[in-house]
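Predicted model only: the values in this text are computed from it and were never measured. All chains are named by letter (A, B, ...) in the order of the sequence lines, taking the proteins before the strands, and each is independently numbered beginning at 1.
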Amino acid sequence: MSKAGKPYSGEFGFVDTYMYWPTTHMVASKDKTLECEECHAKEGRLKDLEIPYMPGTGKTKSLDLLLILAVLATLAGVFGHAVIRTVTGLARKK
Amino acid sequence: MAIHTIRVFPIFERIWHWGQALSIFILIFTGLAVHGTHNLIPYGLAVTVHTIVALALLVLWAFATFWLLTTGEISHFVPTMTAQCRRNLFSVARYYAFGIFKGEHHPYQKTMLRKHNPLQGVTYLLLKIIVFPAIWISGIAYLLFSIGLVDFSGVISHGLIATIHIVAAFIIVIFVYLHVYLLTTGHSFKEHLMPMINGKDKVDLTKEQYDYLVSNEPNKLNLD
């Protein structure tokens with residue numbers, strides 16, 4: 001201390017110290033692991049990343065809309081066909 | 001020509017059909033969960049079930065392909081491009097578009113060499129050579145990519161593989177709707193359903209075909 005030019009009281013002792021060792025290679029314990037849904041969700045952890053495609057994030061909005069419209073158009077076509085069949089069928093019976 | 005009730009769908013074809021139907025329902029349900037359309041089952045479970053059922057269906061398809069080729073049943077799916085066939089296709093399409101509303105009868109009668117009407121034949125062929133390959137090739141590519149076995153970057157993007165898979169899946173959904181709806185046409189839903197359960201249906205047989213069945217495959221005949 002005299003060499004460092006610092007004042008020294010002459011008293012010494014032990015202090016509590018802590019040391020952190022990543023013995024599990026920083027892998028979380030089983031009860032703290034991520035669930036699939038934490039990323040594969042609309043408001044998932046990776047929502048701000050620019051990922052081309054990730055299932056479950058609902059980012060393919062225009063494709064989804066197009067496909068749902070195609071399914072609805074099919075259902076409407078089938079329903080319309082069934083209605084015309086029923087109506088013309090009843091008309092024939094009269 | 002005379003109408004006989006014969007075994008049209010052998011037991012393997014019926015197991016194939018219903019196994020495939022069940023698989024497709026499970027795959028659509030779990031596929032929509034993976035895609036994020038619904039949250040009815042946990043994400044991890046959906047991925048696991050989707051993968052296992054898809055691989056099981058591929059095994060079934062391998063058996064079905066072997067069966068189609070070895071029994072010669074594939075001929076029911078191979079189009080014949082004669083003028084008569086085109087007329088038959090047109091008359092079936094016209095029936096569903098107009099004739100059905102006027103109380104006409106279905107213009108097609110099953111024969112021994114064609115157990116599907118022309119419209120069915122074309123639909124199944126397009127499914128077999130375009131939609132199903134699109135879904136299983138993209139599915140396997142996606143799986144290999146996901147587990148890190150193959151890197152397709154530079155050839156095709158991950159997103160495009162997924163898009164092909166999703167579009168093909170929706171075409172299959174639309175097919176299922178139309179397929180089930182068409183069962184309600186004709187005399188009854190049950191009448192269309194039963195051949196795929198007990199295998200029996202009415203087929204127009206020539207004298208030669210009838211004689212052939214009598215002497216070679218009598219167990220297929222007279223099932224009324």
Can you tell me if [X] uses its side chain to pair, donor with acceptor, with the backbone of [Y] under 3.5 Å?
X: A/H40; Y: B/H35; answer: no
X: B/K102; Y: A/T88; answer: no
X: B/Y43; Y: A/C39; answer: no

Just give me the residue among [options] that pairs up with chain B most often, heavy atom to heavy atom, under 4.5 Å.
options: A/T86, A/V87, A/I84; result: A/I84
options: A/I51, A/T57, A/T74; result: A/T74
options: A/K42, A/M54, A/E37; result: A/E37

Practice prompt. Could you pull out the closest heavy-atom pair between A/R92 and B/F101, with the gap in Å?
Written response: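 That closest heavy-atom pairing would be NH1-O, 2.6 Å.
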
Worksheet item: Considering all heavy atoms of both residues, which atom of A/R85 and which atom of B/T184 are nearest to each other, and what is their separation?
Response: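 Residues A/R85 and B/T184, closest heavy atoms: NH2-O, 2.7 Å.
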
Count the heavy-atom pairs under 4.5 Å between each of [options] and chain A, then report the option with the highest count.
options: B/A33, B/G159, B/S157, B/G103; value: B/G103
options: B/A162, B/A97, B/A169; value: B/A162
options: B/V167, B/L178, B/I100; value: B/I100

Heavy-atom count around [X] [atom1] within 6.0 Å, excluding the residue itself: above 12?
X: B/F63; atom1: CZ; value: no
X: B/H105; atom1: NE2; value: no
X: B/F98; atom1: CZ; value: no
X: B/N39; atom1: CG; value: no
X: A/D31; atom1: CG; value: yes
X: B/F12; atom1: CZ; value: yes

Worksheet entry | A/H81 NE2 to B/L182 CG distance, which is reported to the nearest 0.5 Å |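 Going from NE2 on A/H81 over to CG on B/L182, the span is 7.5 Å.
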
Worksheet item: Between B/H158 and A/Y53, is any side-chain donor less than 3.5 angstrom from a side-chain acceptor?
Response: no

Practice prompt. Measure distances from A/A82 to the heavy atoms of chain B and classify the residue's part below 4.5 Å as side chain, backbone, both or neither.
Written response: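 Both backbone and side chain of A/A82 come within 4.5 Å of chain B.
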
Worksheet entry | Side chain proximity check, A/T60 to B/T163, heavy atoms < 4.5 angstrom | no

Worksheet item: Should A/I68 and B/T37 count as side-chain neighbours, where that means a heavy-atom distance under 4.5 Å?
Response: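 Counting from C-beta outward, A/I68 and B/T37 never come under 4.5 Å.
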
Worksheet item: Using non-hydrogen atoms only, which part of B/Y142 is less than 4.5 Å away from chain A: side chain, backbone, both, or neither?
Response: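 Side chain of B/Y142 only, per the 4.5 Å heavy-atom cut-off to chain A.
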
Worksheet, complete the sentence: Only one of B/I174, B/I166, B/I171, B/V173 passes side chain to side chain contact (heavy atoms under 4.5 Å, CB included) with A/L67, and that residue is B/I166

